[in-house]
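Before any comments, here is the structure.
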2 protein chains.
Amino acid sequence: MTETMTRYHHGDLRAAVLRRAEEVLRESGTDALSLRGIARDLGVSHAAPSAHFRDKNALFDALAVAGFRRLGEVMDAALATRGSLTDDLVTFASAYLEFATDNPALLSVMFARKHSETSGAEIAEAVAAAFAHPTALLTEGQARGEVVDGDPEVIGVTVLAAIQGLATFVGSGFVTPEQSQRMLEDVVATLMRGLAR
Amino acid sequence: MTETMTRYHHGDLRAAVLRRAEEVLRESGTDALSLRGIARDLGVSHAAPSAHFRDKNALFDALAVAGFRRLGEVMDAALATRGSLTDDLVTFASAYLEFATDNPALLSVMFARKHSETSGAEIAEAVAAAFAHPTALLTEGQARGEVVDGDPEVIGVTVLAAIQGLATFVGSGFVTPEQSQRMLEDVVATLMRGLAR
DNA sequence: ACCTGAACACCGTTCAAGT
DNA sequence: ACCTGAACACCGTTCAAGT
């Protein structure tokens with residue numbers, strides 16, 4: 001009976017489901033993600049994942065949290081070395097867009113509007129952590145007198161929104177990945193300089 | 001046999017499917033949208049819609065085109081009367097965010113990354129039309145000497161990206177609709193003035 | 001051309017039962 | 001606590017057949 005060997009006692013099924021779900025998301029997109037398919041891939045019964053994720057939305061919530069944590073790590077790594085403010089903003093934007101290009105399905109799961117009450121707080125925390133580093137750029141810029149005064153949260157949301165919007169345009173195909181590097185520099189330049197003459 | 005009366009010959013099933021799909025999207029979200037459910041609601045067989053939409057993605061593509069056309073109409077109506085450039089940008093942003101708040105599921109369908117080759121061109125056209133009016137604000141601002149020189153497309157993408165990003169934040173619940181009016185004004189102010197001191 | 005009805009291969013979710 | 005296996009009510013898609 002070699003069949004039953006690996007069936008029971010998977011070790012950490014929850015982590016295995018999450019890992020496999022991220023793979024499917026990256027390789028085949030959201031539509032291809034099914035609990036039954038993941039269970040099949042992992043060699044457990046189709047109902048096994050429900051012991052760890054109440055329903056499919058709970059899995060999506062967990063993927064969102066994991067996504068923001070990974071995004072935070074990417075940000076920290078990208079902004080480990082600093083240059084001028086403009087350079088740092090371009091670095092931030094590049095890292096964000098690269099993440100968005102590499103994980104388009106995950107990004108849309110992260111920003112899906114259906115997170116449950118319970119996981120909402122956990123996600124909010126992960127979001128704050130992911131954006132802490134880029135937001136700090138502006139606070140430090142203000143301290144050096146390079147950035148206009150004002151609530152850094154207010155200024156930060158503009159920068160984050162512009163980059164997130166650009167990521168959406170790239171993700172939806174209205175902007176090609178080839179154009180994106182150019183556009184990202186233009187967007188940062190426009191943000192720095194302002195619209196008013 | 002009163003049952004068979006309205007079954008055949010629906011008139012314009014394609015338009016009816018689109019209309020009902022938009023309703024379901026607004027009332028119950030993307031997950032609740034099924035071809036079979038729509039067919040049921042319209043009193044036709046479950047396979048009838050396939051005569052008008054090759055598959056579910058084709059329906060999503062058609063919804064995206066319809067969505068951008070409606071967004072364009074909203075833009076035109078909102079920007080029919082003009083004020084200062086800042087006021088006009090706030091008006092544009094408000095109209096966009098209101099559309100996003102009223103149709104969150106539709107907006108994510110519009111920016112979903114899976115439009116087919118064939119409908120891609122049609123969607124791109126609808127996107128261009130939807131954003132023509134707001135982009136014109138900047139061109140006219142340049143003509144009046146109120147906006148910095150440079151390719152209006154480049155400046156436009158920054159503005160559009162910032163508003164789209166804010167719409168994503170509102171849609172995902174990271175920003176509440178109550179905060180959004182305040183934030184939108186802050187974002188426009190930051191865009192106008194720039195980050196550099 | 002437009003639609004029906006049956007068929008196929010999937011889903012998510014629930015739940016008694018096993019270890 | 002963790003997992004299985006059967007069951008239920010759905011899906012999307014295809015396809016011969018009808019009008």
Side-chain angles (χ1 to χ4, degrees), chain A residues 1-21 23-25 27-64 105 109 112 114-116 118-119, chain B residues 1-21 23-25 27-64 105 109 112 114-116 118-119:
Chain A
M1 301 280 179
T2 55
E3 282 181 314
T4 55
M5 269 194 59
T6 57
R7 298 223 134 221
Y8 207 88
H9 239 114
H10 199 287
D12 191 350
L13 183 56
R14 195 193 134 89
V17 168
L18 269 177
R19 201 168 44 237
R20 179 62 190 147
E23 279 178 27
V24 174
L25 223 44
E27 291 166 9
S28 315
T30 313
D31 290 351
L33 189 71
S34 82
L35 288 169
R36 288 180 100 110
I38 291 172
R40 212 179 299 128
D41 295 342
L42 296 178
V44 294
S45 84
H46 62 263
S50 72
H52 304 279
F53 302 98
R54 199 177 351 89
D55 52 24
K56 204 177 179 183
N57 275 328
L59 173 59
F60 278 127
D61 285 352
L63 284 169
V109 167
K114 55 180 174 184
H115 304 304
S116 69
T118 52
S119 61
Chain B
M1 307 277 176
T2 54
E3 282 182 314
T4 56
M5 268 196 59
T6 55
R7 298 223 135 221
Y8 208 86
H9 239 115
H10 198 286
D12 190 351
L13 182 58
R14 195 193 134 88
V17 167
L18 268 177
R19 201 167 46 236
R20 180 62 191 146
E23 279 178 27
V24 174
L25 223 45
E27 292 167 8
S28 315
T30 312
D31 290 350
L33 189 72
S34 82
L35 287 169
R36 289 180 101 108
I38 291 171
R40 214 180 298 127
D41 295 342
L42 297 178
V44 295
S45 85
H46 63 263
S50 73
H52 304 279
F53 302 98
R54 198 175 354 87
D55 53 22
K56 205 178 179 184
N57 275 328
L59 173 60
F60 278 128
D61 285 351
L63 283 170
V109 168
K114 54 181 175 184
H115 305 304
S116 69
T118 51
S119 62

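No experiment lies behind these values; they were computed from the predicted model shown. Sequence lines set the chain letters: A, B, ... in the order given, protein chains first and strands last, and positions in each chain run from 1. Below, each value reflects all heavy atoms present in this structure, side chains not excepted, and no hydrogens, waters or symmetry copies.
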query = Roughly, in whole Å, what's the span from CZ in B:F53 to P in C:dC3?
reply = 12 Å

Non-neighbouring partners of B:A48 that pass side chain to side chain contact (heavy atoms under 4.5 Å, CB included), sequence neighbours left out = B:L13, B:V44, B:S45

task = Report the residues that fulfil side chain to side chain contact (heavy atoms under 4.5 Å, CB included) with B:R14, sequence neighbours left out, ordered by chain and then residue number.
result = B:D12, B:L18, B:H52, B:F53, B:A62

inquiry  = Within the 4.0 Å heavy-atom criterion, would you say B:A51 contacts the bases, only the backbone, or no part of the nucleic acid?
reply    = nothing

task = Sort and list the pairs that fulfil side chain to side chain donor-acceptor pair (under 3.5 Å) and have at least one residue in residues 53-63 of chain A, not counting sequence neighbours.
result = A:D61-A:H115, A:D61-A:S116, A:D61-A:S119

inquiry  = Can you give me the closest heavy-atom contact between B:A105 and B:G29, atom names plus distance?
reply    = CB-CA, 4.1 Å

key: Pair assignment for DNA chain D - dot-bracket with | for other-strand partners, Watson-Crick or G-U under 3.5 Å   = ||.|||||...|||||.||

task = Classify every nucleotide of nucleotides 11-16 of chain C by which part a protein heavy atom approaches to under 4.0 Å, writing B for the base, S for the sugar-phosphate alone and - for neither, in 5'-to-3' order.
result = SBBB--

message = So, using side chain to side chain contact (heavy atoms under 4.5 Å, CB included) as the criterion, who are the partners of B:A21 when residues are at least two apart?
response = B:L33, B:I38, B:L59, B:L63

ask   = Within this structure, what is the CG-to-P distance between A:D12 and D:dA1, rounded to whole angstrom?
value = 17 Å

ask   = Looking only at heavy atoms, which two atoms of B:S28 and B:A32 are closest? And how far apart?
value = CB-CB, 3.5 Å

ask   = Given atom CG of A:L13 and atom C1' of D:dT4, what is their separation to the nearest angstrom?
value = 13 Å

inquiry  = Just verifying a value: how many Å separate B:R36 CZ and B:D41 CG, rounded to the nearest 0.5 Å?
reply    = 13.5 Å

key: Taking every non-hydrogen atom, the tightest pair across A:T30 and A:L25   = CA-CD1, 3.8 Å

